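Note that the structure is predicted; figures quoted are calculated from it, not measured. Each ligand, and each atom within it, is numbered from 1 in the order the structure gives.
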Amino acid sequence: MTRSFEFTAGSPALNFIDTISARGRDPVELIVTPDDLSRWLNLAGFKQDFLIGLEQLQNARDVREAANDVLAAAVDLKALPESGVYTLNIWSAGQDFRPQLRNGDIVLVSERPFESVLAHISADALLMLRSDKVERLRRCTECGMLFFDQSRPGKRRWCSSSSGCGNRAKVRRHRERKRLEGNA
Ligand SMILES: [Zn+2]
């Protein structure tokens, strides 16, 4: 199943991680070409004029996988992978976005916009490790997608992407129950 980009994971870093969809079940790379990356950046609200080639694509994927490795380890209560932390630290240090108010819009400005986006995403991933955030970090029990649980009770088990994970789980449980009742 092809999926278009979704922005339902609850943070820029998590949304970026989600550009490999259904990591835990049936992974699909959604950012195959530099153009895909441009499209994602635009939809994610980064509206600068980026020059994106294969090198930028590779850097973006490196940051994305580092963020995934680190946050997945955090969800699993495992030691954080050193290489992932290193990558996020390096990129995050280059953050130089400056908010500017222009024609009523707040725009993030930088002389190195592409590097700044990766810095922004790296910083977002690192900040997700703060204790008040990380306790709300979840992995969807259906598709494996990482998401930030913003619900008030904080007991969400499924992502809210259009893959309909919560629904699928409920349908399966319903069928299970029927089957067990039938056998009784
Ligand atoms: Zn899911």
Side-chain angles (χ1 to χ4, degrees), residues 1-33 35-46 57-81 83-85 87-88 91 117-118 120-181:
M1 183 180 71
T2 48
R3 263 180 54 187
S4 51
F5 296 133
E6 293 197 52
F7 296 88
T8 57
S11 99
L14 291 169
N15 285 334
F16 196 43
I17 288 172
D18 193 32
T19 58
I20 287 187
S21 73
R23 283 178 184 263
R25 188 181 57 206
D26 196 5
V28 179
E29 172 64 88
L30 301 178
I31 295 186
V32 179
T33 65
D35 271 0
D36 294 334
L37 182 55
S38 295
R39 207 160 46 84
W40 186 87
L41 290 169
N42 209 280
L43 291 170
F46 302 107
L57 181 65
Q58 188 56 52
N59 286 339
R61 284 187 178 147
D62 288 348
V63 165
R64 181 186 64 183
E65 295 316 299
N68 180 63
D69 293 350
V70 168
L71 295 182
V75 168
D76 295 336
L77 304 175
K78 287 184 182 158
L80 304 182
S83 66
V85 170
T87 301
L88 295 180
W91 278 100
V117 168
L118 294 191
H120 183 79
I121 289 171
S122 300
D124 183 59
L126 290 172
L127 288 171
M128 193 59 73
L129 297 170
R130 276 171 33 167
S131 57
D132 58 328
K133 295 266 188 168
V134 77
E135 65 183 20
R136 289 271 183 148
L137 194 56
R138 309 263 184 271
R139 177 185 285 119
C140 175
T141 52
E142 279 289 303
C143 72
M145 171 178 156
L146 298 178
F147 66 92
F148 184 63
D149 183 356
Q150 300 180 82
S151 71
R152 194 181 284 241
K155 290 186 174 146
R156 265 181 58 195
R157 295 167 59 196
W158 303 293
C159 68
S160 49
S161 78
S162 65
S163 48
C165 289
N167 234 353
R168 190 168 25 236
K170 278 173 199 150
V171 167
R172 197 175 53 236
R173 262 212 316 266
H174 181 74
R175 283 207 198 109
E176 278 291 280
R177 209 161 44 227
K178 284 275 170 209
R179 193 174 58 83
L180 290 173
E181 280 166 11

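Listed for the N15 side chain is a donor-acceptor partner under 3.5 Å among the backbone atoms of T8.
At most 12 non-hydrogen atoms from other residues, nucleotides or ligands lie less than 6.0 angstrom from CZ of R130.
For the Zn ion (ligand 1), protein N, O or S atoms under 2.8 Å: 4 in total.
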For residues 68-81, run the donor-acceptor check on the side chains, cut-off 3.5 Å, and write out each pair with its distance to 0.1 Å, sequence neighbours left out.
unit_1 : atom_1 : unit_2 : atom_2 : d
D76    : OD1    : R139   : NH1    : 2.7
D76    : OD2    : R139   : NH2    : 3.4

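With respect to E142 and R173, no salt bridge is recorded, no charged nitrogen being found less than 4.0 Å from a carboxylate O.
For the pair W91 and N59, the minimum side-chain heavy-atom distance is below 4.5 Å.
For the residue pair A9 and L146, the shortest heavy atom distance occurs at CB-O, 3.8 Å.
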